[in-house]
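Structure record follows, encoded as structure tokens.
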Amino acid sequence: MTIKDVEPTRRLRPVLRWGQVLAIAVAAISPTTSVFLVYGAGLSTAGTGIVWAFLIGAVIALSLGFSYAELGGLHPGAGGAYRIIRNVLGEPWGLMAVWLFLVLGMVITASILVAAATYLNSLVPGIPVNWAAVAMMALVTVFSLERIGTASWVATVMLIIELTVIGVFILMGFLGARHGVGFLVHPQLVSASGRRTPVMFAGLMAAVVPALFAFNGYDWPLYFAEETYEPRKTLPRAVMLAVAISIGVEVLAVIAATVAIPDLSVALKSSAPLSYVAQSVAGPVGATILIIGVIIAMFDTGLSGNLAYARIYYDSAQSRSWPEPVNRFFGRLNRHNVPQWGFLLLGIGNAILCYFTSLNNLITFTGVVLVAIYLLIATAAIVSRVRQSTADRPFRMPLWPIPPIIAIIGAILALTQQSRADMIQTAVIVLVAVIYWAAYARRHAAASK
């Protein structure tokens, strides 16, 4: 099927330099947000083995970073991973990816903003968590509908604040360390009876998906390909720098937090173990300042993350992936050259989830959906070298095919330890995509040839 324009009133055009794209990516990853968002979930399943879970996740993330960088330079487009999967694996797999992104876009921003509102509530208990998250989503939507240059500068300013916050936290964690290396080398949990028990491999792998959720976002430069100068050259470099920054900062933060835990049993019982650690190393005033920085970081992540999804929908409309009314809906750009209806749909969908859904449900489900997309990307990295062996690649990953193989094996092992409910929900999305392809898209593709 050939790609045809849906003839929007305007087209995306280059306005971003590589530094702005990198800032959006690092802000979407948000080391501060990531660590404060998933540390509790990882600690509850892996105990002090959360450090090992992040190290395993870092290897998988780096391997995926190589795959994204190579394929993003070869297939630049606003759809990012969707464009890559569609071009390399074919239309059915591309539709599977866009359906996963359609759901992910409705979930991931909500999970981050609910976390931000939860921390805000810990400072000001009178503020209702769900309504605060809805208000933040409204602000995110307003900024998303502005020019991408404006949104990128907002993200950059907030990014500077949050990197300062996480840097101070890392320093204070190491200075206030309560434990030595042995505390990390031999992962342990504390049972309900108070006994310390070793963490098995299954427990470590269960915490890898939250770790991958924490690293997620290094592929964000790809979604601004049509708004970036020299994308084939710029995007791979931005992806690799983003994944390197996320791994370096987040692994250091997790190690610093873990060695600074005053009492592991208390931390495991806490709903916000990093707040407990912050109180220990910084005192009440320092912890309050730190939490304010975390809230700013989480809002920045919600904004930066939200910027990509409407562009994926826009690219799918350009590919004529939907019935014509839907193509026109997602393909419409406003006077600032951003996909207006896509952002409004994201705003409404995420606002509903912000009001009705709990944080833990969002995080675990989102992690499984992300890993499903990672499996498609890693597979595409192998298939591309076979089917497109003569293609001009601005970036070639080292040690091919080891990185995508590592990513595939790691992702599958991590998925085996996830909850059945999250796996079933993700499988339902995939099934819906398959049914859509069989019932509509395949016939439409055949008719348009």
Donor-acceptor contact present, side-chain [X] to main-chain [Y], <3.5 Å:
X      : Y      : answer
Ser321 : Leu95  : no
Arg86  : Glu91  : no
Tyr119 : Phe36  : yes
Thr228 : Pro231 : no
Gln425 : Asp422 : no
Arg311 : Pro339 : no

Rounded to the nearest 0.5 Å, how far apart are [atom1] of [X] and [atom2] of [Y]?
X      : Y      : atom1 : atom2 : value
Ile245 : Glu250 : CD1   : CD    : 11.0 Å
Phe54  : Leu212 : CZ    : CG    : 9.0 Å
Leu145 : Arg335 : CG    : CZ    : 10.0 Å
Met298 : Ile296 : CE    : CD1   : 12.0 Å
Leu64  : Phe215 : CG    : CZ    : 11.5 Å
Leu71  : Ile85  : CG    : CD1   : 9.5 Å

Phe169 vs Thr32, test: side chain to side chain contact (heavy atoms under 4.5 Å, CB included). Steps then yes/no. CA-CA 9 Å; Phe169 177 77; Thr32 308; over 6 Å; no
Mind checking whether Tyr309 and Phe101 have parallel, tilted or perpendicular rings, split at 30° and 60°? tilted
Of all the heavy-atom pairs spanning [X] and [Y], show the shortest one and how long it is.
X      : Y      : result
Ala372 : Leu100 : CB-CD1, 4.2 Å
Ala46  : Gly203 : CB-O, 3.7 Å
Ala117 : Ala132 : CB-CB, 3.9 Å
Val26  : Pro31  : O-CD, 3.9 Å
Glu226 : Ala78  : OE2-N, 3.3 Å
Arg83  : Pro76  : NH1-O, 3.3 Å

Let me see the working for Gln20 and Phe224 under side chain to side chain contact (heavy atoms under 4.5 Å, CB included), right down to the final yes or no. CA-CA 10 Å; Gln20 291 170 284; Phe224 304 94; over 6 Å; no
Ser144 vs Val338, test: side chain to side chain contact (heavy atoms under 4.5 Å, CB included). Steps then yes/no. CA-CA 8 Å; Ser144 298; Val338 299; over 6 Å; no
Report yes if the side chains of [X] and [Y] come closer than 4.5 Å at any heavy-atom pair, otherwise no.
X      : Y      : answer
Ile382 : Ile405 : yes
Ile56  : Met205 : yes
Leu222 : Val239 : yes
Met137 : Asn306 : yes
Leu43  : Thr258 : no
Ile108 : Phe213 : yes
Ile408 : Leu375 : yes
Pro221 : Thr234 : no

Pairs in or reaching into residues 41-65: which pass side chain to side chain donor-acceptor pair (under 3.5 Å), with residues at least two apart or in two chains? none
Could I get the full list of side chain to side chain donor-acceptor pair (under 3.5 Å) partners for Trp341, not counting sequence neighbours? none
Hits for side chain to side chain donor-acceptor pair (under 3.5 Å) against Tyr218, two or more places apart or cross-chain, chain-then-number order -> none
Could you verify whether a donor N or O on one side chain and an acceptor N or O on the other, from Asp315 and Gln318, lie under 3.5 Å apart? no
Option among Glu70, Arg393, His75 that satisfies the side-chain hydrogen bond (donor to acceptor under 3.5 Å, both in side chains) test with Ser384: Arg393
Side chain to side chain contact (heavy atoms under 4.5 Å, CB included) for Tyr313 and Leu102? Distances and angles first, verdict last. CA-CA 8 Å; Tyr313 309 155; Leu102 189 63; 3.8 Å; yes
Given Trp322, which partner from the list Trp99, Trp437, Tyr314 fulfils the ring-ring contact (aromatic ring centres under 6.0 Å, His included) test? Trp99
Residue that, paired with Thr141, satisfies side-chain contact (heavy atoms from CB on, under 4.5 Å) out of Asn350, Leu345, Leu344: Leu344
